[in-house]
Structure formats: structure tokens, C-alpha cells
Amino acid sequence: MTIDKNLIIISLVTVIVGGFFALYQWNFSNKLKRAEYINQIIEKLRFDKEMAQTMYKIDYGIPFYNKDFHNGNSELEFAIDKLLSYLSYICYLKRTRNISIKEFNVLHYEIIRVCSSFEIQAYLWNLYHFSKKCNTKCSFEYLTSYGIDNNIFPKDFTDINNSMYPKNLNF
């Protein structure tokens with residue numbers, strides 16, 4: 001073997017080792033970024049004062065969904081919509097596989113608690129049927145789909161004649 005062939009082999013081995021090291025560093029960096037992202041979602045969901053207060057109302061079954069809920073200047077409607085939008089976004093991330101099942105499972109309790117609430121189901125049922133009447137997507141499409149697909153909502157949730165929920169919107 002000549003010196004040129006030895007240098008080529010050494011260079012090639014060095015490039016391969018460097019490539020594996022760069023790949024390892026990139027993978028490690030991505031894991032840290034994903035963990036930070038999930039932590040930001042958790043921080044917002046659990047420790048944002050308004051979201052925590054809204055979750056409290058839902059967790060303890062405080063009734064809120066009635067005709068007055070849609071009066072146009074309800075702070076509670078805004079707070080509920082903010083929470084549902086956030087949870088729908090989490091369900092969107094899961095559906096598009098932007099978060100893994102393990103990452104989603106960290107947030108699963110909140111989604112189950114919210115979707116299990118009769119008040120939330122009544123609100124989502126009204127929005128679901130109102131949006132169908134308007135031939136558009138529901139505001140919280142991914143959360144609603146998650147509740148339907150995972151049998152969190154009753155089997156007749158998509159039935160417009162479901163008498164379980166109060167009809168508060170014009171559909």
C-alpha cells in the first residue's frame with residue numbers, strides 16, 4: 001500500500017466516525033428540544049392561571065353551559081375556548097405525529113378529564129352540530145374527533161337528535 005491509499009483510508013474512517021458523532025449529537029439535540037417543547041405545553045396547560053382555573057371548574061363539575069354562556073361577552077366562554085383550543089392543538093399534534101404516543105400520554109389525563117365533562121360534551125355537541133349545519137369544520141375539530149374516535153363521548157354524540165344535551169345554538 002502506498003502512503004496515498006493509507007491517507008485516503010484514514011480520511012474515510014475519520015469522516016465516517018465524525019458522521020456518526022454528528023448524527024448522535026443531532027439526535028440528542030432533537031430529543032432535548034422535544035422534551036423542552038412538551039414541558040412548555042405542560043407548563044401552559046397546568047400552570048397558566050386562567051387555564052388552571054378553567055380546569056378546576058371542569059374537574060369539579062361546576063355547571064356553566066347554558067343559554068347565557070353564548071351571550072357574546074362571557075369571560076368564561078373565552079376561557080373555555082382557550083383551554084379547548086389548546087387541547088385540540090395537542091390532539092392535532094398527536095394526529096399529525098408531531099408528538100409521539102409517549103409524549104401525548106403525558107397530557108392524556110387533561111384531555112380525558114375535559115372530554116369526560118358533561119358540560120364540555122354539551123358545548124362540543126352544540127358546536128359540532130352547528131358547524132355541520134354551516135358546512136364547516138368544528139372549532140375544536142381535533143379534540144372532538146379524539147373524543148368520538150376513542151369512545152370518550154357517548155355513542156350517539158354525532159346524532160343531532162341526542163336529547164342528552166341542551167340545545168343552546170341555532171342548528
So how far is it from [X] [atom1] to [Y] [atom2], rounded to the nearest 0.5 Å?
X	Y	atom1	atom2	result
L127	K137	CG	NZ	15.0 Å
E103	R97	CD	CZ	14.0 Å
L76	F69	CG	CZ	5.0 Å
R95	S145	CZ	OG	4.5 Å
T54	F78	OG1	CZ	10.0 Å
I9	T14	CD1	OG1	11.5 Å

Output yes when a side-chain donor or acceptor of [X] lies under 3.5 Å from a complementary backbone atom of [Y], and no otherwise.
X	Y	value
S88	L84	no
W125	D159	yes
S29	Q25	no
N126	A122	yes
N39	A35	no
N150	I152	no

Fit a plane to each ring of [X] and [Y], take the angle between them on a 0 to 90° scale, and name the class: parallel (under 30°), tilted (30 to 60°) or perpendicular (over 60°).
X	Y	answer
F157	H129	tilted
Y65	Y123	tilted
Y92	Y142	perpendicular
Y146	H108	perpendicular

Identify the two heavy atoms, one from [X] and one from [Y], that lie closest to each other, and give their separation to 0.1 Å.
X	Y	result
I62	E119	O-CG, 4.1 Å
L83	M55	CD2-SD, 3.8 Å
F64	I120	CZ-CD1, 3.7 Å
I90	I111	CG2-CD1, 3.8 Å
R113	D59	NE-OD1, 2.8 Å
Q121	C115	NE2-O, 2.8 Å

Side-chain contact test, heavy atoms from C-beta onward, threshold under 4.5 Å: evaluate it for [X] versus [Y] and give yes or no.
X	Y	result
E141	S131	no
L87	L107	no
N170	K133	yes
K132	F171	no
I38	I42	yes
I112	Y109	no
V114	Y86	no
F130	S139	no

K82 atom NZ, over 12 foreign heavy atoms within 6.0 Å: yes

Return yes when atom CG of L12 has more than 12 non-hydrogen atoms of other residues, nucleotides or ligands closer than 6.0 Å, and no otherwise. yes

L23 vs N27, side-chain contact (heavy atoms from CB on, under 4.5 Å): CA-CA, chis, key distance, verdict: CA-CA 6 Å; L23 183 63; N27 191 29; 5.6 Å; no

Please lay out, stage by stage, how T96 and N98 fare under the test side-chain hydrogen bond (donor to acceptor under 3.5 Å, both in side chains). CA-CA 6 Å; T96 58; N98 285 308; 2.7 Å; yes

Does the ring of F104 carry K94 above it, NZ/CZ under 6.0 angstrom from centre and within 45° of its axis? yes

